[in-house]
Structures are given as C-alpha cells and as structure tokens.
Amino acid sequence: VTEEDARFQQRIDNEDKIEPRDWMPDGYRRTLVRQISQHAHSEIVGMLPEGNWITRAPSLRRKVALLAKVQDEGGHGLYLYSAAETLGVSRDELVEQLLSGKAKYSSIFNYPTLTWADIGAIGWLVDGAAIMNQVPLCRCSYGPYARAMVRICREESFHQRQGYELMMALAKGTPEQKRMAQDALNRWWWPSLMMFGPPDEHSAHSAQNMAWKIKRFSNDDLRQRFIDATVPQAEYLGLTIPDPELRLNTETGHYEIGPIDWTEFEQVLKGNGPCNRERIEARRKAWDDGAWVREAAVAHARKRKARDMKKAG
Amino acid sequence: VTEEDARFQQRIDNEDKIEPRDWMPDGYRRTLVRQISQHAHSEIVGMLPEGNWITRAPSLRRKVALLAKVQDEGGHGLYLYSAAETLGVSRDELVEQLLSGKAKYSSIFNYPTLTWADIGAIGWLVDGAAIMNQVPLCRCSYGPYARAMVRICREESFHQRQGYELMMALAKGTPEQKRMAQDALNRWWWPSLMMFGPPDEHSAHSAQNMAWKIKRFSNDDLRQRFIDATVPQAEYLGLTIPDPELRLNTETGHYEIGPIDWTEFEQVLKGNGPCNRERIEARRKAWDDGAWVREAAVAHARKRKARDMKKAG
Amino acid sequence: MSTQASSRDALFAYALRLGDTSLVLGHRLSEWCGHAPELEEDIALTNIALDLVGHARLLLTYAGDVEGKGRDEDRLAYRRDVFDYRNHLLAEQPNRDFGHTILRQFLHDAWAVELYERLAGSADATLAAIAAKAVKEVRYHVRHSGEWVVRLGDGTDASHARMADALDRLWPYTGEMFERTAGEAELAAAGIAVDAAELKAAWTARVSAVLEEATLPRPADGWMQSGGLRGEHSEHLGYLLAEMQFLQRAYPDATW
Amino acid sequence: MSTQASSRDALFAYALRLGDTSLVLGHRLSEWCGHAPELEEDIALTNIALDLVGHARLLLTYAGDVEGKGRDEDRLAYRRDVFDYRNHLLAEQPNRDFGHTILRQFLHDAWAVELYERLAGSADATLAAIAAKAVKEVRYHVRHSGEWVVRLGDGTDASHARMADALDRLWPYTGEMFERTAGEAELAAAGIAVDAAELKAAWTARVSAVLEEATLPRPADGWMQSGGLRGEHSEHLGYLLAEMQFLQRAYPDATW
C-alpha cells in the first residue's frame, strides 16, 4: 500500500467525497467506470421492454405516464454517462462496449414484457429492487456518481409507486386483469430477486468495494430488505408470491424464501435469456440507422462554423 | 395493306385462332404484348390491396377464402406471363417494365383497402367489372390469350360470387357492418366504372383492336352492361349507389348515371392515386429483397448440374 | 335547435380533427422511443410525443363534452375504427427513417404553431385555453424540428438526398392541412375556430424559409392527397389502431 | 370423474398446442403473400399457409368440442390473449428474410411430418382423421422447405451466410417441439397422442440429412428457449394477435 493509497483510504473513511480531479487508485477508477457504465447501459436497454407497451397502453393517461417514465430512463442514462465521463472515458467508447457485448447491463431486461401487467410488475418489482440497490449509492464515495444517484432515486421511487398503483388497478379489476397481474408477478418475482446478484459467498470484489464505499451492503442483505418490503405489498394486492416455501420467520421478523434457481440466472447472464439477442440488436440497429444523422449533424455544424468565421473575418 | 396482312385479316374474320408460330402483323403482336402484360401486372399488383387484409380477416373461414383468392391471382399472373412469353418477350423483361414504371397496371389497385368491407367490394365490383371486360376475351383471336382467359374467367366469377356473399353478410349484419358495406360501396363505385376506360369518343386504338378481335365491345357498352347488372344487386343488398342522378330509363331498360369525374381518373393514371407509389415500391422491394434467393437458386442448380455431369462422366 | 345541433356537430368535428391529428402523430413519434439516432434525440422525440398526446387528451375530452353522449377521451381514442378517425393523412404516414419523421413533424409543427397562436384567441373558452397551453409547446416543437430539417438538408450529400426524398413523399400530404371540416367556416366566422384555409400563407412562408436554409427546393404544389377529414385514410392507419386499441378492445369491461 | 376431467384438459391442451402452432405459423407465412422472391414461391408459400390454417381450423374446432364450453374455431382463434396461446415459440418468430422463413418452416415441417405420421394411428378417431389428412400435405411441405434449405445453404456465399445466421437464431427454439404439454404422456400411453419427446430422434435424423446436403453445420444442442406451451411467449406474439384479432375484438357481436 503506497502512501497515496493510504491517504485516499483515509479520505474515504472520513466520508469525504472523491471528485473527478482528485487522485484515485486505478482499481477504484476502473471499478467505478465499470459500475457506472453498466448502470447507464441498463437504463438505456431498460427502455426497450417498457417501450414495447407504449403504443399499446390501455388508456391515454397510462400512455402518458409510461412515455414519461421511459423518457426518465433515457435521462438517467444521460446523467450516468456524464458521471462516467468525469472518469476519463467517452460516451462513444462506452456505447461501443455495450454494442460489442463487452459491457454488461442488468440481466433483468433480457426478459420479455408479455402483457400490460408486466409494466406494473417492472415498476413495482424491478424498480423496487433497483431502488434498494441504489439508495445506498447516493452516499457513494465518488461525488458525481452519488449526486446522479440522488436525482435518479427520487424519480425511481416515483416510478415504483406508479408501478404499484398500476398493479393495484389490475389486482382490484376484472378477474382477467387480476389473472394478468398474478401471471406477471409469477414471471418477474424470481428474476427480481436475482437482480441483487449472487449470494454473498460467491460475490467477487465485495470486500474492496465495501472498503471504498462504492458498495455499502451485501447482496443478500439488500435482497432480504427487498423481500421484507415486497411480500406485504403483494398480500395487500391479494396476489400470491410464486414460492411455496415462503414463510415469515417470527423470531427474526424476516421472510424466508425457497432456493433461487441460479442456473437460470447464469444462462441469462451468458446470453441465453429470452431477449438478450433482441435487446442488443435493437440498440445496434438504432445506432447504425442513426449514423447518417449524427454524421450530418457534425457536417452541418462544421459548415456553419466555417460560414460564421468567414462572416466574422 | 400487304397480301400477308390481308390473309391475316381473313383468318381473323373467319374466327380462326392465331397461334404463336403463325405470322402476325407487328402492331398485333405489340398490342397483345402490351395488353396481356398489363393484365398480368394487374393480377400481381392486385394481390397487394387484398393481401392487406389476410392477416386481419375476421374469421378463419374468410381468411382461408381470401388466401385462396389472392393465390389464384398469382396463378392468373403466371398464366398471363406465359401467354405473353409466347409472343417472344421474357417474364423478366416484363417485370422490369412494371418495376421501372414503363408498363401500366389497372389503376383500380391504386386505391387503398381501408376496411374489411373493401374485400367484399373488390370481389363484387372490381372482379365484376373485370369479368365484363374479360369474358369477351375468351374469344380473343390470339389462341394462348383466349385459353388463359377461359380459365381465369371461371375463377374470377367464383371470386365475384364470393365477394357478393361477403357483402351480403355485412349488409345483413349489425348496423356497424352495414355502414362498413355502404362506405366501401361509396368508395369503390366510381373507380369501378372507370375500369372500363375512357368514354368511346376518347378511346384510342379501339377500331383496330375491334377489327383484330382483341376487343369485341366498346368501353361504354361494357360499362353499361356492368351498371345494369350491378344496380339491382346493390338494391338487393339494401345498399345505395352513391350517385344521386342514377335512374332507370324505362324506355331503354338501361340505368343512366351521373357524370364520371375523369379528372380523378387522370390523376390516378398519372401516378397521383392514393397508393400508386406504395404499390410499385412493394413490388420493387419484393423483387430486390428476393434477388439473393433467385441468385442462390441459379448457383445451386449450376453446382448440381456440374456434379451430375461429373458423376455421369 | 337544428342550427344549434349542426354547430355542435361542427365543433365536434373540429375538435376531433385537432385531437386525432395530435394523437396519431404522437403515436408515430412514440414508436421511436428507445430507437432514436442519439440519446438526446430519443428524449426530445419522446417529449414531443408526450406533448402531442397531452393535447389529444384535452381535445378529445372536449370533443366528448361537446358531443354530449358520454364519450370520454379513452372512449374516443380507443373505440373508434378507422373511418371515424379525422386526423390528417400526414400524421399517419409511417416513420421510415429519422429524416422522414422529423420532416413530417416540421410540416405539421409549422401548421400547428400558426393554428394555436390564432386559436388562443377563440371565443370558445375551452379551445382558447387548450390552444394557449399548446402554443407554448408547439413553438418549441417547430424550432426543434426546423433545426433538424436544416441540419439534415444542409448536412452531408447522403442526408440531403434522404431529405429531398422525404420532401417528395410528404409534400402531397400537406394540402389537407388547409382543408376545412364540415361547418368549420361557420365556426370560424363565429370566432370559435380558425379557418384552416387561412393558415396557408403563413405556413408557406415559414416552411419556405426553413427549406431554403436547408438547401431543399420547395416542391411545386401539385395534386394533393385528401381524405383524412372524411375518414378516408391510408392503409397504414388500420394497423396503427389495431395495435393501439388492442387492450381496450380485448377487455372492454376493464378499467386501467 | 376427476380423471375424466383431467384427461379432457390434457386433450384440450394437446389439441391447442397443435392448432395454435399451425395457426401462428400459417399467419407468419401469410404475411409473405404478394411479397415473395418470385411468383412461383409466392403461390407455394400461400399454399402452405392455406394448409396450415386449414389444420388449425380442424384442430381448434376439435379443441372446442373437447372442452365442451361452446367455443368454436373462431372463438378460440380470435378471443384468446397471448398467455392462453399454446403455440411453439418457433412458429411466432418473425419472418426476417426468406431464408429465415423457409428454415423456420423446414424445422417445423420435419417435426410435423413425424408427428402426423404417428398421430394418424391415434386411438382418437378425430385426431387420427385430422392427422391422416394433414400428413399428405405436410409431406409436400417438408420436401418443399427442405429443398429450399439445400438450395440456399449450398447456393452462393451470401445465401450460405444468411442460412447459417438463420440456423444460429432459430436453433434455440427447436427444443420446445420435444417438450410435453400437461398430461401428454398419459394421452400417449393411452394411444391418443404422440409423445413429442419421442419425435426427437427421427426429427434429428431428417434435419441432419438436409443440413448436411445444404453444407450447413448442425448447431450443438445448447440452452433451449421454452415457454410457449405454458403461454410464456416472445414479445412478437402480442403484436401478431393484436392484428389478427382486431375485427373480432372491435365488433364482438358481428357475424362475418
């Protein structure tokens, strides 16, 4: 450990915020770039499953809410790419990594949205799980990331309430709507639990990230918080969590769940989820189809600048 | 008039059939190529407006009937291209003429199919008008064309009855269905009348084509027959022909109609119909997208032949 | 009584024309969500889509009130078939590439901004209020789409060619914006509606200026497509509605 | 009584599986009508679509009879939402290019021909009769699609590359054809159904032979997509149904 390393760790321990121009260890920088860009990519890819229902939203009010939500996700992507850029990497590089498959994004977005209830389930469960992960990041040691997360969490919690309200309308609606809601819960429950990552005993990097205060709670801790918060919400909706082993441990006050099928998680991570290929292809198509537009914008800006200079000269 | 011309005309006057290897005047050949290929193109382009409702047909029975009908049209295109080929022009040349806009097809297919009732209206009115035009062609002086028309007319009259039956189901259905049927009649009536071409006093080529027995009745005669046959059918359906001036002349026994808006006809002919551009683009796209398939088929056939020769050798 | 009824019909038709056009165009824009050429533009297009659907909600709600048969915004949006839609054909044209989308948007925005500026002074308090709200947003839209038209028209050779093609395709759909719905002239005379025919000069001036800056020659006003105001649409609208209306049609008794 | 009910459920599910797969695949083929690479193929694809929709009609009618709740072919085809559809995921995959379409068709046909040959000997007279009719048509289908796979696989470099891509995309959807619906094993034991799992070897032999002739390496059997038999589909089916069902949904009281 060098003296610089020690001084850096001291600042972290003092809960100082690290800023872009401050010295930082390469590992810290690398970890943050990976995590922030992965987070940004998740926001962007996450626009696709929900975007899938914009044209079919069942009322104009719901359509407007969904459009606004997906737009917010684009906005989150923007803040996060900006935060990553403060670490010396360009947005184009990051996009390149996403499109080439080098960079990851949250596996949850490799599941399809099959019915309108999936929009509710994503808001309630996926955004709910995201918030559990993200709220501690508002206190992350890296300043630009922490500040981006404050803004993001505020919007995410609005989305989460909106998603729950949507599920409520279905759960209290016609029998067909209730069935749709239950079906969505059945499909999204386990993938949501997997969003917290592998069990602590298999989780790499954790200790270092905790020391750097990039991470503040373990995967299993966050997962448990999510379960404890969500099970009563499902009960309130009158929906059944698809886990016959689920039970409340009255001694600990925590809900205990049956075993998670990590093989499925591994397969989706490896690219075999129902939509991995389609998600990346959709992003790649948008990027490739848009190339002429971006090129034209650059060419026009150059022309305009040349004209302005001529005028000025 | 050469001796050959006179002998040819004599054969025509005797109602002899002209066959591909027989001598014929250049003008006769040119006229037939133009007419037969235009007719073939019409069958092919005509698949598009009806094809537009295959995926949305309102019952499986209707879906099957529509699929079969559009398939028949493809078949008619095939017979007719074959008949044209007997006159020394290749199908590829003809397709090229269609795609480049050099060759025409029936303007009626430049109108959109907006509701399911349009499928009925096309069968009843458009196929009905086509039959009026085509039945006399079964006695056309050129043998291959005449024989193709016999087969085509048989199928067309089946389509026409099917279309009328479809309209009947709508006209006797719910008020919304009846409204749909009336709306379709409103939109297809006048364009159907225009299918017979301009009034006799403005029709070019007519006299020569009559002499050659390519054409046997004038545009206005055929149009009148169609009107006389169709007006009572509309009445039987309980639908109103969209022509306030329509009346039965009790002396002649014929229905008289209000003036036809030939400016619209001219505009559609000139390429300004609602769908001219889309129809040709759809055909061009099919052709261009299929190029690799046709090339591969040729390449494979060549490989196979080479292998067979090697084996045989 | 009969005059009252016919002016109610006219107002209903007028509100539908504006509302349907906003809704259908907003729908088309919303198809881009997640697929735009760059993230900033994804957000901008979605924003405009949001505004347009917002206008549609106000206008369709008002149309339902005027009609007085208890139809609300969703009933009107989700339970009418293609021949009852009154949007401009321009709005329903497919997206094709970004250049077509943004040019379609500009041709519409240049009309909408002229319309809403005048309609904000309507003698009908509801239309005036809707227009006053809309005009602020539409001013931003027309600036945004106009800037893109300039950028792409006067960008690269490839972008210029695409925009010229888009202009050639879309121009025949611009004539309809200056047609009148049944009774629109009477409504305009009463100070309630803006007579669409009177927007032509201002629209042409605005469009010509942008096209010129974009180095795109303005097409001659040839034969114009028509039909949207009579419910005679292109083949595209049926597919759009089948998709948009699916849930309301499949679950007619549900509340969402 | 309970056994009877559960065997009725099993038979219903089985008939739906076959009927829905035929219907959805027929729908996909019908999307080509008027757009195929050559006229002969336009006619051929439409012909196969006709056969498949024909099989679907028989199978769905039978499913409705078995269920005994008065649902006919149209009720089943047009009034079920995506999670009640039981087709193979393979059938709903989008057409993409002609190579993908014809390979998808071949992978299905090679299964269908093995299935119907066996099902023609079913102890259930209706299923046996449907299969006896279908097998004649399906023998033609598999020859047609197989010939195209060979032609395009062993055609030009470009066509080979397209077919290799198609194979890579579609292979993960083939595993589902050998899954069983609930109660299918029991129906098979009773001589009513054909156990799908038992078709694997014959299918593999048939497919391998054609792929070899087409110079296309057979992919390894990796992770297989699954879900269609449980009503968990891809995002594509919802759009397909929205389009297909529009009229029946929009005019629920009409007879066509």
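Everything numeric here is computed off the predicted structure, so don't read it as measured data. The basis for the numbers below is simple: all heavy atoms, side chains too, and nothing from hydrogens, waters or symmetry mates.
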- Query: Which atom names give the shortest non-hydrogen contact between Gly34(D) and Arg283(B), and what distance separates them?
  - Reply: O-NH1, 2.6 Å
- Message: Taking atom CZ as the centre, does Arg284(B) end up with more than 12 heavy-atom neighbours from other residues, nucleotides or ligands that are less than 6.0 angstrom away?
- Response: yes
- Message: Please classify the contact between Asp154(D) and chain B as side chain, backbone, both or neither, with a heavy-atom cut-off of under 4.5 Å.
- Response: both
- Message: Determine whether Leu23(D) and Leu60(B) satisfy the following criterion, side chain to side chain contact (heavy atoms under 4.5 Å, CB included), listing intermediate values before the conclusion.
- Response: CA-CA 9 Å; Leu23(D) 180 59; Leu60(B) 296 182; 3.8 Å; yes
- Test Met47(B) against His35(D) for side chain to side chain contact (heavy atoms under 4.5 Å, CB included), laying out the working first. CA-CA 9 Å; Met47(B) 297 170 77; His35(D) 306 278; over 6 Å; no
- Task: Give the member of Ala57(B), Ala286(B), Ser59(B), Ala299(B) that has the highest number of heavy-atom pairs under 4.5 Å with chain D.
- Result: Ser59(B)
- Query: Nearest 0.5 Å, what's the CD-CG distance between Glu73(B) and Asp42(D)?
  - Reply: 11.0 Å
- Task: Kindly indicate whether the side chain of Arg151(D), heavy atoms from C-beta on, has any atom under 4.5 Å from the side chain of Arg304(B).
- Result: no
- Distance, nearest 0.5 Å, that separates NZ of Lys69(B) from OG1 of Thr46(D): 14.0 Å
- Message: So for Leu78(B), is it side chain, backbone, both, or neither that comes closer than 4.5 Å to the heavy atoms of chain D?
- Response: both
- Query: Given the options Gly51(B), Ala297(B), Gly173(B), which has more heavy-atom pairs under 4.5 Å with chain D than any of the others?
  - Reply: Ala297(B)
- Task: Find the one option among Arg249(D), Glu38(D), Gln248(D), Glu243(D) whose heavy-atom pairs under 4.5 Å with chain B are most numerous.
- Result: Glu243(D)
- Item | Atom group of Trp32(D) that falls short of 4.5 Å from chain B, counting heavy atoms | neither
- Query: What do you reckon, is CZ of Arg75(D) surrounded by more than 12 foreign heavy atoms closer than 6.0 Å?
  - Reply: no
- Item | Segment of Ala36(D) engaging chain B (4.5 angstrom heavy-atom cut-off) | backbone
- Evaluate the criterion side chain to side chain contact (heavy atoms under 4.5 Å, CB included) for residue pair Arg62(B) and Leu247(D); output intermediate values, then yes/no. CA-CA 12 Å; Arg62(B) 293 287 181 196; Leu247(D) 283 170; over 6 Å; no
- In terms of heavy-atom pairs under 4.5 Å, which option from Ser30(D), Cys33(D), Ala254(D) contacts chain B the most? Ala254(D)
- Task: Check whether Asn47(D) gets within reach of chain B through its side chain, its backbone, both or neither, counting any heavy atom under 4.5 Å.
- Result: both
- Task: Please state whether the side chain, the backbone, both or neither of Arg162(D) comes within less than 4.5 Å of a heavy atom of chain B.
- Result: side chain
- Query: Tell me, side chain or backbone of Glu73(D) under 4.5 Å from chain B's heavy atoms, or both, or neither?
  - Reply: both
- Message: Is Glu147(D) in contact with chain B via its backbone, its side chain, both, or neither, using a 4.5 Å heavy-atom distance?
- Response: neither
- Item | Presence of salt bridge, Glu41(D) and Arg294(B), under 4.0 angstrom | no
- Query: Any idea which of Leu50(D), Asp253(D), Val53(D) has the most non-hydrogen atom pairs under 4.5 angstrom with chain B?
  - Reply: Leu50(D)
- Search all heavy atoms of Trp256(D) against all heavy atoms of Gln177(B) and return the closest pair with its distance. CE3-NE2, 3.4 Å
- Side chain, backbone, both or neither: which part of Tyr251(D) has an atom under 4.5 Å from a heavy atom of chain B? side chain
- Highest number of heavy-atom pairs under 4.5 Å with chain B among Asp157(D), Leu60(D), Asp74(D) belongs to Asp74(D)
- Heavy-atom side-chain contact between Trp292(B) and Leu152(D) under 4.5 Å: yes
- Would you find more than 12 non-hydrogen atoms of other residues, nucleotides or ligands less than 6.0 Å from Phe158(B) atom CZ? no
- Heavy atoms of other groups near Lys172(B) NZ, more than 12 under 6.0 Å: yes
- Ranking Asp288(B), Val293(B), Thr174(B) by heavy-atom pairs under 4.5 Å to chain D gives rank one to Val293(B)
- Message: For chain D, which candidate among Leu67(B), Leu166(B), Val70(B), Leu170(B) shows the most heavy-atom pairs at distances under 4.5 Å?
- Response: Leu67(B)
- Task: Pick one of side chain, backbone, both or neither for Met180(B), based on which atoms fall under 4.5 Å of a heavy atom in chain D.
- Result: side chain
- Should the heavy atoms of other residues, nucleotides or ligands under 6.0 Å from CD of Glu212(D) be counted, would the total exceed 12? no
